[in-house]
Amino acid sequence: MDASTQKPVVLSGIQPSGHLTIGNYIGALKHWVRLQDSHQCLFVLVDLHAITVRQDPQDLRKRCYDFLALYLACGIDPGKSTVFVQSHVPAHAGLAWVLNCFTYMGELSRMTQFKDKARKHQANINVGLFAYPALMAADILLYQADLVPVGADQRQHLEIARDLALRFNGIYGQVFNVPEAYIPPVGARVMSLQDPASKMSKSDDNAANYLALLDPPEVARNKIKRAVTDCGAEIAYDPDQRPGISNLVSIYGALSGQDFSAIQAAYAGRGYAPFKADLAEMVAEFLKPIQQEYGKVRRDRAYMHSVLKAGASEAARRSGRTMDKVYRKLGFIEREA
Ligand code: ATP
Ligand code: LTN
């Protein structure tokens with residue numbers, strides 16, 4: 001709970017890697033936008049996390065602006081929420097180090113994201129990639145977050161953040177709030193369009209697998225029309241037996257707000273083609289206003305800098321309080337003001 005507003009605290013982050021996808025929107029961003037009125041929200045561009053995989057510096061810098069502009073275009077309002085870049089607030093790296101000293105090798109080796117990324121980047125299985133969940137726990141615990149809206153793939157990382165909070169509190173007394181995950185009931189795991197057995201991922205090398213929020217509407221329409229569906233012709237939601245069509249039904253449901261049975265009933269006996277055509281249109285219409293707003297914000301560098309400056313200063317103020325307490329509890333000598 002934030003003492004000044006009496007609202008529960010929300011914190012979430014996205015790595016500036018690849019291209020923001022409709023999976024990131026449906027699994028996370030959409031809920032960030034919704035939570036802004038009822039919660040005190042902090043949204044972080046986690047650039048320190050992004051360098052666990054090698055990044056080209058120019059691309060990374062450009063992508064951070066792209067992502068920020070897209071957050072704002074999707075409805076994140078800097079008047080309501082604190083939006084900032086992780087590397088602008090040194091407490092993130094500071095608390096991550098402390099938490100590294102309370103995290104066991106065994107618990108990190110079980111992380112599926114680490115195993116996946118290690119497999120994908122065999123020439124660069126670095127310590128940062130391994131310790132990634134401790135940095136994520138630092139992001140969350142620094143702000144005493146109550147709720148962390150994320151997609152289903154982040155469940156394991158959230159569990160570590162909770163375990164670390166409980167472990168630290170168990171030794172030093174009440175220091176950290178123990179956060180809850182908010183994983184949406186629909187669309188928490190949007191699947192790849194060409195390989196519905198894997199998660200849609202914004203760093204996928206094959207652009208046909210994801211729908212990017214910046215895909216031109218024509219490109220998005222074609223990606224939907226070419227998406228893999230299963231044998232059979234009925235529109236159904238059955239992720240185990242019919243993963244391809246179920247994925248499209250869940251995107252349809254998340255964008256339209258309709259439940260699966262209503263969608264199934266509307267397309268009963270009509271086959272895949274009309275369903276895909278309607279979904280393609282719905283996606284194109286959804287993207288248009290976001291892309292228009294994105295164009296405006298992305299051109300206004302001064303505005304983006306002002307948002308990040310205010311965000312970093314608010315985040316530094318709040319995280320500083322937690323950091324002082326952590327250092328005091330650990331027995332570090334206090335720095336003279
Ligand atoms: P990358 O491919 O670069 O590792 P990613 O697409 O997995 O990235 P993240 O930056 O790891 O995206 O995640 C940002 C947020 O979006 C997280 O809350 C994550 O759970 C959510 N998210 C990512 N992919 C999906 C998906 N396919 N469906 C639903 N939510 C998702
Ligand atoms: N690991 C997350 C991104 C992330 C995050 C966070 C999410 C970094 N720090 C704090 C929620 C809260 C991912 O999506 N890969």
Side-chain angles (χ1 to χ4, degrees), residues 9-32 35 41-55 60 63-64 67 70-71 74 84-87 89 92-93 95-96 99 111-114 116-118 120-121 128-129 131-143 145-162 164 179-193 195-207 209-213 239 247 250-251 254 315 319:
V9 176
V10 158
L11 181 132
S12 196
I14 293 186
Q15 306 185 71
S17 51
H19 306 266
L20 269 180
T21 69
I22 202 146
N24 300 126
Y25 179 83
I26 292 175
L29 261 171
K30 178 180 159 188
H31 308 282
W32 297 9
L35 290 165
C41 296
L42 298 115
F43 300 120
V44 203
L45 267 165
V46 293
D47 52 354
L48 298 174
H49 278 107
I51 62 161
T52 55
V53 168
R54 201 65 74 229
Q55 301 286 342
L60 179 60
R63 226 181 290 118
C64 283
F67 276 45
L70 261 174
Y71 284 9
C74 285
F84 65 103
V85 175
Q86 193 183 28
S87 64
V89 184
H92 289 252
L95 183 60
L99 296 178
M111 296 295 105
T112 46
Q113 183 171 305
F114 171 69
D116 289 349
K117 297 251 156 151
K120 208 171 153 198
H121 303 277
L129 190 64
Y132 180 113
L135 176 59
M136 176 162 161
D139 300 339
I140 298 167
L141 302 184
L142 273 174
Y143 300 94
D146 295 287
L147 201 64
V148 183
V150 282
D153 61 314
Q154 295 302 309
R155 194 187 293 277
Q156 260 191 333
H157 289 166
L158 246 296
E159 272 311 307
I160 288 216
R162 290 170 55 86
L164 285 171
E180 298 281 341
Y182 173 80
I183 296 175
V186 178
R189 192 172 165 81
V190 176
M191 307 309 276
S192 155
L193 297 178
D195 171 18
S198 353
K199 180 181 91 89
M200 182 181 287
S201 156
K202 68 184 173 3
S203 307
D204 201 311
D205 295 331
N206 179 3
N209 282 331
Y210 57 77
L211 268 174
L213 293 180
N247 188 38
S250 73
I251 295 174
S319 56

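Please read these numbers as outputs of a predicted model, since none were measured by experiment. For ligands, and for the atoms within them, numbers begin at 1 and follow the listed sequence. The analysis underlying the following values was restricted to heavy atoms, covering all of them including side chains, and did not include hydrogens, waters or symmetry mates.
For the ligand labelled ligand 2, residue Gln113 lies inside the 4.0 Å heavy-atom shell. Contact analysis puts Gly187 in contact with ligand 1, with a non-hydrogen atom separation below 4.0 angstrom. Within the structure, ligand 1 lacks Met191 among the residues with a heavy atom less than 4.0 angstrom away.
Checked by distance only, ligand 2 and Gln154 come closer than 3.5 Å through their nitrogen or oxygen atoms. Considering backbone and side-chain N/O of Gln154, none are found under 3.5 Å from N/O of ligand 1. Every N/O-N/O distance between Asp153 and ligand 2 stays at or above 3.5 Å. Below 3.5 Å of separation, one finds an N or O of Val190 facing an N or O of ligand 1. At least one N or O atom of Gln15 sits closer than 3.5 Å to an N or O atom of ligand 1. Distances between N or O atoms of Gly151 and those of ligand 1 include at least one value under 3.5 Å. Of the N or O atoms in Gln113, none lie within a sub-3.5 Å distance of an N or O in ligand 1. Polar contact check, Ser17 against ligand 1: a nitrogen or oxygen pair lies under 3.5 Å apart.
The nearest heavy-atom contact from the protein to atom 22 (N) of ligand 1 is Asn24 ND2, 3.7 Å. Annotation: atom 10 (O) of ligand 1 to nearest protein heavy atom, Lys202 NZ, 2.8 Å. Ranking protein heavy atoms by distance to atom 7 (O) of ligand 1, first place goes to Lys199 NZ, 2.4 Å. Summary of contacts: the protein heavy atom closest to atom 30 (N) of ligand 1 is Gly23 O, 3.2 Å.
Here Ala188 has backbone heavy atoms under 4.0 Å from ligand 1, and that is the only part of it that gets that close. Within the 4.0 Å heavy-atom criterion, the part of Ile140 lying near ligand 2 is the side chain and not the backbone. Contacts between Arg189 and ligand 1, counted as non-hydrogen atom pairs separated by less than 4.0 Å, involve the backbone only. Residue contacts with ligand 1, taken as heavy atom pairs separated by less than 4.0 Å, involve Ala28 solely via side-chain atoms from C-beta onward.
Looking at Asp204 and Thr21, their side chains never come closer than 4.5 Å, going by heavy atoms from C-beta outward.
The closest donor-acceptor contact from the side chain of His31 to the backbone of Ile26 lies under 3.5 Å. The backbone N or O of Ser192 sits nowhere less than 3.5 Å from a side-chain atom of Asn209 that would complete a donor-acceptor pair. A donor-acceptor contact shorter than 3.5 Å links the side chain of Gln86 to the backbone of Leu48.
Here His157 and Phe114 keep their ring centres 6.0 angstrom or further from each other.
The closest non-hydrogen atom to atom 20 (O) of ligand 1, taken over Asp153, Asn247, Ile26, comes from Asp153.
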Step by step, work out the side chain to side chain contact (heavy atoms under 4.5 Å, CB included) result for Val150 and Ser12.
CA-CA 7 Å; Val150 282; Ser12 196; 3.9 Å; yes
